[in-house]
Amino acid sequence: MNKHLSLSLLLLAAGLASAADPSPFRGPTGGVFADKNLPTTWSATENLRWKVELPGRGLSCPAVAHGRIYLTATTGYKECRLHVLCFDADTGKRLWERQFATTGGTACHPKTCMAAPTPVCDGKNVYALFATGDVAALDADGNLLWYRSLVGDYPNITNMVGMASSPLLYKDLLVVPMENSGDSFVAALDTATGKNRWKIPRARDAVWTTPLILTKDGKASVVFQSPKEVTALDPETGKTRWTYAGEGTSPIPSPAAGGDLVFVPGRPFVALRPGDDQTTPVTVWKSTKLPLGYPSPVFYKDRVYGLTGAGLSCLDAAKGDELWKERAPGPFAASPVIADGKLYAVNEKGVTTVISLDDKHEVLATNDLDDTILATPVVAGGRIYMRSDKWLYCISQAK
């Protein structure tokens, strides 16, 4: 294992989690959270700290920073209204809500909606991208900093079945993936103004994956996964660092990283070891034992976990060997999250299976909220936050 890269990844995650408390899709460490003493069981009457009603549909995850929860939703005829909301993380009180009119097309697959990308925040500001190509930047009090209609600037963007890739923050840049069947590109927007700092074309294809940031030898890279390739870009300039020609790489679940490897969902599932710039990554192993649908994989303590049609599968991260399986009721749209030595897998019916990650790897509980949940949970401040189209839930140990 390249210890320097492993250390760099850990430092990057630690810096993100402590310095500015940013919250991108699946949290700052790719679905793994340091919180302890989380509940194993809950229901409508047990360990449910609060739940608050939401105005409309959304697949975006809650973004938590500095005691506040930011969330997006969509309402109106053909999803013509876009909402950004802010809640107090302790009480669930709605602190503010802002609404915007859509500027792009709203046609999409019935399973998704215009509030599919997860907003990203740094504790100071929140940046919300919608599947319509609208981007809003607001401060923590809901004051609008800037608004950008990407479809207004690039009219050939197409939203045929719904876009779901989430933006991410790197320094003073908002990296926006807009990979679609029309004007397909990735752009880095200045967080102060919303203007392009760089923009590069991408292959015209429908992609729902969210990029991730890696760092090696002091250099950060943004890794994008598409059906034909995995590409690492310099976040400062957009220049290509390396490219891996995909072998059935998936356009839906997002890649994960751990140690010195990047884990690429697809058929087969592939583990890559990036090298120097302009060098093709080494293929460390391939496996057909992790055929993922919607959920993204998660790396934890030298193992890779993923939800399949049959439940949870665990692979050795270094070799790709399947270590064990555990049944869990699906189907799953949300990605698994890990905290407190346990994995939480919430299915589309709102049933969360809690599985221990010790040597027994047993099912500890199944908890039913009796609600349709497609968004990935988030853990923060010793609480689990989940959202459906109608409700935002806060789950924590009873005091």
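The structure displayed is predicted, hence computed values, not measured ones.
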- Is atom NZ of K111 surrounded by more than 12 heavy atoms (other residues, nucleotides or ligands) closer than 6.0 Å? yes
- Query: How far does OG1 of T237 sit from CZ of R197, to the nearest 0.5 angstrom?
  - Reply: 11.5 Å
- Flag for R204-N156: side-chain donor and acceptor within less than 3.5 Å: no
- Atom of V346, atom of F332 and distance for their closest heavy-atom approach: O-CD2, 3.5 Å
- Task: Please report the closest heavy-atom contact between L214 and A257, naming both atoms and the distance.
- Result: CD2-CB, 3.4 Å
- Message: Strictly below 4.0 Å, N to O, side chains only: are K219 and D277 in salt-bridge contact?
- Response: yes
- Within one Ile-Leu-Val-Met-Phe-Trp-Tyr cluster: V120 and F130, side-chain cutoff 4.5 Å: no
- Task: Give a yes or no on whether K342 atom NZ has more than 12 heavy-atom contacts from other residues, nucleotides or ligands under 6.0 Å away.
- Result: yes
- Supply the atom-to-atom distance F185 CZ to I200 CD1, rounded to the nearest 0.5 angstrom. 11.0 Å
- Query: Do you see a donor-acceptor pair shorter than 3.5 Å between the side chains of R387 and S60?
  - Reply: yes
- Message: What's the separation between atom CZ in R49 and atom CZ in R383, rounded to the nearest 0.5 Å?
- Response: 4.0 Å
- Item | D88, D90, D141 screened by salt bridge (charged side-chain N to carboxylate O under 4.0 Å, His left out) with R68, the one that passes | D141
- Geometric class of the W324/H361 ring pair [parallel <30°, tilted 30-60°, perpendicular >60°]: parallel
- Task: Quick one: pull up CD1 in I213 and CG in L169 and give me the separation to the nearest 0.5 Å.
- Result: 8.0 Å
- Can you check salt bridge (Lys or Arg N to Asp or Glu O under 4.0 Å) on K216 and D276, steps first, answer last? CA-CA 9 Å; K216 179 189 176 186; D276 297 329; 3.5 Å; yes
- ILVMFWY network linking L212 to V298, side-chain heavy atoms under 4.5 angstrom: no
- Message: When you measure from the side chain of R98 to the backbone of L138, do you find a donor-acceptor pair of N or O atoms at a distance under 3.5 Å?
- Response: no
- Query: So, the side chain of N180 versus the backbone of I157: is there a donor-acceptor pair under 3.5 Å, distance only?
  - Reply: no
- Determine, step by step, whether C61 and R26 satisfy the side-chain contact (heavy atoms from CB on, under 4.5 Å) criterion, reporting the C-alpha distance in whole Å, the side-chain angles of both residues, the deciding distance to 0.1 Å, and the verdict. CA-CA 7 Å; C61 307; R26 294 206 293 164; 5.6 Å; no
- Looking only at heavy atoms, the pair that brings A318 and V284 closest together is O-CG1, 3.7 Å
- F87 and L392: CA distance, side-chain angles, deciding distance, side-chain contact (heavy atoms from CB on, under 4.5 Å) verdict: CA-CA 10 Å; F87 300 88; L392 173 62; 3.7 Å; yes
- Item | Candidates S184, P227, P251, S226 - the one meeting side-chain contact (heavy atoms from CB on, under 4.5 Å) with D205 | P227
- At their closest point, which heavy atom of W242 faces which heavy atom of T279, and how far apart are they? CB-O, 3.4 Å
- Task: Please check if L71 and W96 belong to a single hydrophobic cluster, counting links between Ile, Leu, Val, Met, Phe, Trp and Tyr side chain heavy atoms closer than 4.5 Å.
- Result: no
- Is any NZ, NE, NH1 or NH2 atom of the basic residue among E229 and R202 found under 4.0 Å from an Asp or Glu carboxylate oxygen of the other? yes
- Query: Just checking, is any N or O donor in the side chain of T41 or E46 under 3.5 Å from an acceptor N or O on the other one?
  - Reply: yes
- Query: Which distance, rounded to the nearest 0.5 Å, do you find between the OG1 of T132 and the CG of L129?
  - Reply: 7.5 Å
- Query: Between D190 and K195, is there a side-chain N and carboxylate O pair less than 4.0 Å apart?
  - Reply: no
- Message: Quick one, T231 with V223, criterion side-chain contact (heavy atoms from CB on, under 4.5 Å). Give me CA distance, side-chain angles, the key distance, then yes/no.
- Response: CA-CA 6 Å; T231 306; V223 178; over 6 Å; no
- Message: Taking atom NZ as the centre, does K289 end up with more than 12 heavy-atom neighbours from other residues, nucleotides or ligands that are less than 6.0 angstrom away?
- Response: no
- From D35 atom CG to S396 atom OG, the distance as rounded to the nearest 0.5 Å: 11.5 Å
- Decide side-chain contact (heavy atoms from CB on, under 4.5 Å) for L315 and S287; before the verdict, give the C-alpha distance in whole Å, the side-chain angles of both, and the deciding distance to 0.1 Å. CA-CA 9 Å; L315 271 59; S287 174; 3.7 Å; yes
- Message: Do L54 and L95 land in one hydrophobic cluster if side-chain heavy atoms of ILVMFWY residues count as linked below 4.5 Å?
- Response: no
- Are D371 and K390 within salt-bridge range, i.e. N to O under 4.0 Å? no
- Query: Should the ring pair Y305 and Y300 be called parallel, tilted or perpendicular, given that the plane angle runs from 0 to 90° and is split at 30 and 60?
  - Reply: tilted
- Is there a path of hydrophobic side-chain contacts, each under 4.5 Å between heavy atoms of I, L, V, M, F, W or Y residues, that connects L343 with F263? no
- Nearest heavy-atom approach of S388 to Y393 is OG-CE1, 4.2 Å
- Message: Looking at S221 and D234, would you say the former's side chain and the latter's main chain have a donor-acceptor pair under 3.5 Å?
- Response: no
